[in-house]
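To keep things clear, I will list the structure first and then write my remarks on it.
Computation of the quantities below employed the complete heavy-atom set of this structure, encompassing side-chain atoms and omitting hydrogens, waters and symmetry-equivalent molecules. Every number for a ligand or one of its atoms is a count from 1 in the order of the listing. No experiment lies behind these values; they were computed from the predicted model shown.
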Amino acid sequence: MIMKKAILSLGFIFLSFIMFSQQKSLDQKVDSVMNLMTLEEKIGQMNQYNDDWTATGPATVDNDKATQIRNGQVGSLLNCMGTERTRSWQKIALESRMKIPLIFGQDVIHGYKTTFPIPLAESCSWDLDAMELSARIAATEASASGIQWTFAPMVDIARDPRWGRVMEGAGEDPYLGSLIAAARVRGFQGNKPEDINSVIACAKHYAAYGAAIGGRDYNSVDMSDRLLWEVYLPPFKAAADAGVATFMTSFNDLNGVPATENKYLLSDILKGKWGFKGFVVSDWGAIGELINHGTAKNSYEAAESAIKAGCDMDMESRCYKNNLAQLVKDKKVSIALIDDAVKRILRVKFELGLFDDPYRYCNQIRENQELNNPEHPKAARQIAEKSIVLLKNENHLLPLSKNIKTIAFIGPLVKSLKQNKGFWDVEVPGVDSSFIVSQWQGLKKKVGSGTTLLYARGCNIEGDNKEGFPEAIDIAKQADVVILSIGESRDMTGEARSRSNINIPGVQEDLLKALLATGKPVVVLINAGRPLVFNYTADHATAILYTWWLGSEAGDAIADVLFGDYNPSAKLTITFPGSVGQIPIYYSHFNTGRPATSDTNRYYKSAYTDLSIYPKYEFGYGLSYTNFNYSDLKLSKKEMKGNDQIEASVTITNTGEYDGDEIVQLYLRDRFGSICRPVEELKDFKKIQLKKGESKTIKFIINKEKLSFYNQKLQWAAEPGEFDLMIGASSKDIRLKDSFELIN
Ligand code: GLC
């Protein structure tokens with residue numbers, strides 16, 4: 001035994017020496033470059049420009065970019081894609097005195113060429129492995145196209161669907177959002193940055209951008225530190241713990257201090273308490289926007305505030321390039337701050353292998369192979385199927401029979417290609433849209449020769465033109481079933497797309513009404529990037545699939561679900577309001593002193609007198625073609641002492657006619673606390689596959705960590721007392737309950 005311990009400890013010492021020497025050699029490499037650099041060259045590394053292609057913000061056009069790069073005044077380019085173009089810029093960078101390679105960044109948010117469902121849609125799969133694979137494939141294609149850095153995952157918790165950027169994240173819940181953040185970082189970064197199929201990831205937008213007042217993009221955010229720590233920071237911490245290489249500051253001010261100059265966020269928490277060793281990039285022009293915020297009189301002051309707060313790289317504002325040298329000369333900014341920022345940036349470039357081979361991501365043969373890898377669309381189709389939420393299925397209309405005679409496929413989104421890609425898709429140079437599978441194509445491929453497919457556009461997405469109605473009604477009358485594909489256009493939800501009215505636009509619901517008047521059953525596909533309000537559709541359609549924007553394999557995935565080749569399993573990760581007037585509305589709310597518990601008793605209750613207290617669809621909601629029975633909830637003990645754990649087991653049975661997946665959710669309620677505690681909080685979930693008739697018993701572990709929260713003093717702690725334990729098919733559809741007590 002003693003010998004064994006000795007060998008183990010020797011092994012540990014050896015391993016630590018290896019790791020230390022590797023890290024030491026990396027730091028030595030960085031220092032060896034730093035020692036040769038001038039101040040101007042160091043500042044150049046902190047400067048990021050947009051390439052001359054698509055701008056994702058208000059662009060400044062330099063016509064001497066090549067000269068600046070050749071002079072070592074630029075460290076990174078964004079929105080530059082393809083092995084050819086990135087190689088051409090890299091070649092110029094290597095003509096500089098220090099020959100420091102550029103790092104190329106891109107918003108590879110949900111796929112590069114192969115386009116996956118928008119992140120909010122993917123999150124409804126609750127399938128962490130699938131989301132990790134999605135990020136992995138995106139990284140593989142992007143890295144094959146000259147890109148080393150994606151500005152993703154966006155991990156902003158969002159509870160206001162008026163905010164267009166809800167489409168980029170993982171919904172409203174910090175527990176689920178944290179797991180998804182880590183999965184996406186792992187997918188993008190792989191096991192190590194130097195892995196050729198990896199890109200470095202970027203946790204954004206730090207922080208609390210999703211809480212913009214009124215859901216109005218770029219608006220102020222004001223919240224208690226307790227809420228910030230309890231709800232908005234956890235996914236960022238999860239990304240940092242997963243080893244994310246970079247962070248991006250958010251546009252918003254937080255409690256009066258813009259995030260880009262927020263020392264509390266960037267230095268005290270991120271680089272201090274969390275020990276973050278990567279680098280922080282500002283969002284587009286955000287340093288310069290400090291002048292608009294009114295916390296800097298000019299770009300000189302803006303640069304000073306941002307660098308002192310801990311922002312290492314300046315995306316597109318040019319404040320660093322134009323002012324940092326003077327700030328050092330004026331002794332306003334210490335060279336140590338510049339050195340720290342540059343070391344962080346150079347360390348990442350070394351880890352990516354860019355110094356060893358600046359052209360390693362510029363291999364055209366690999367680019368062609370990966371962008372045409374047949375495995376990628378297959379993965380995209382699978383996660384797209386898992387992202388489709390079945391909201392309604394009256395009379396078990398779905399799945400459709402493959403022997404159905406006539407289908408009328410109607411709507412402005414049926415034959416579109418690019419609409420399926422949603423916002424934040426990538427326009428890959430030299431690649432057209434022909435690889436995208438439209439919803440029409442998907443259905444045509446799926447149905448047999450015995451099925452007649454009829455088509456009519458019916459109307460546009462926006463506008464009040466109803467001239468197409470008669471043709472649509474006519475083919476509906478000929479059909480056994482109508483499929484109506486309606487929703488938003490892909491640029492209606494995304495950055496700078498806040499909307500005060502989140503109804504289905506135009507006359508699309510009028511078209512539904514006209515089609516229902518024919519007496520035919522209607523399946524509605526809703527294509528959107530956010531929760532929309534569609535009460536007429538919800539109350540009258542026969543069946544509803546929320547198909548989001550599913551990406552380049554949308555058509556096949558939708559057809560698979562319509563005909564039951566995939567049994568829908570997705571569940572909502574964001575609350576769907578019944579009216580925009582209900583917002584903000586989310587499931588893990590406090591009880592208040594006058595809780596409204598029904599729509600019939602709202603007098604002197606925390607409720608609107610003119611609106612239901614319930615959302616249209618709650619967090620965790622989603623139907624299946626089969627049914628699941630929950631039974632035999634058992635707790636291993638009813639009291640938890642110290643660091644005990646409680647095991648909760650429950651049996652799930654597929655009692656329906658189809659094999660299917662069920663997302664079993666575990667919620668806890670801390671009945672009494674030193675501060676108010678939410679009426680329920682998601683603390684675990686299991687996604688299980690069950691063949692029809694099959695039962696499985698699953699186990700959840702409850703430990704003190706799951707009972708802990710930030711108290712008034714911002715201490716993370718669990719408090720003794722009673723806890724309700726709820727097992728649900730959604731946050732509202734609680735199937736089984738029990739309780740236990742934390743003794744100390
Ligand atoms: C945009 C977005 C950010 C993106 C960046 C670069 O303004 O806010 O998410 O990564 O600019 O495109």
Could you list the donor-acceptor pairs under 3.5 angstrom formed by side chains in residues 227-235, with sequence neighbours left out?
residue, atom, partner, partner atom, Å
Trp229, NE1, Tyr264, OH, 2.8
Glu230, OE1, Tyr710, N, 3.0

- Item | Working for side-chain hydrogen bond (donor to acceptor under 3.5 Å, both in side chains), residues Thr140 and Glu370 | CA-CA 7 Å; Thr140 301; Glu370 293 302 353; 5.6 Å; no
- Any side-chain donor-acceptor pair under 3.5 Å between Arg216 and Ser498? no
- Query: Between the side chains of Gln106 and Thr150, is a donor N or O closer than 3.5 angstrom to an acceptor N or O?
  - Reply: no
- Message: Parallel, tilted or perpendicular: which one describes the rings of Phe251 and Tyr209, with boundaries at 30° and 60°?
- Response: perpendicular
- Task: For this output row, return yes or no: ring centroids of Tyr586 and Phe619 closer than 6.0 angstrom.
- Result: no
- For ligand 1, would you mind listing the residues that have at least one heavy atom less than 4.0 Å away, ordered by chain and number? Thr56, Leu78, Asp107, Phe151, Arg165, Lys204, His205, Met248, Phe251, Asp283, Trp284, Met315, Glu495
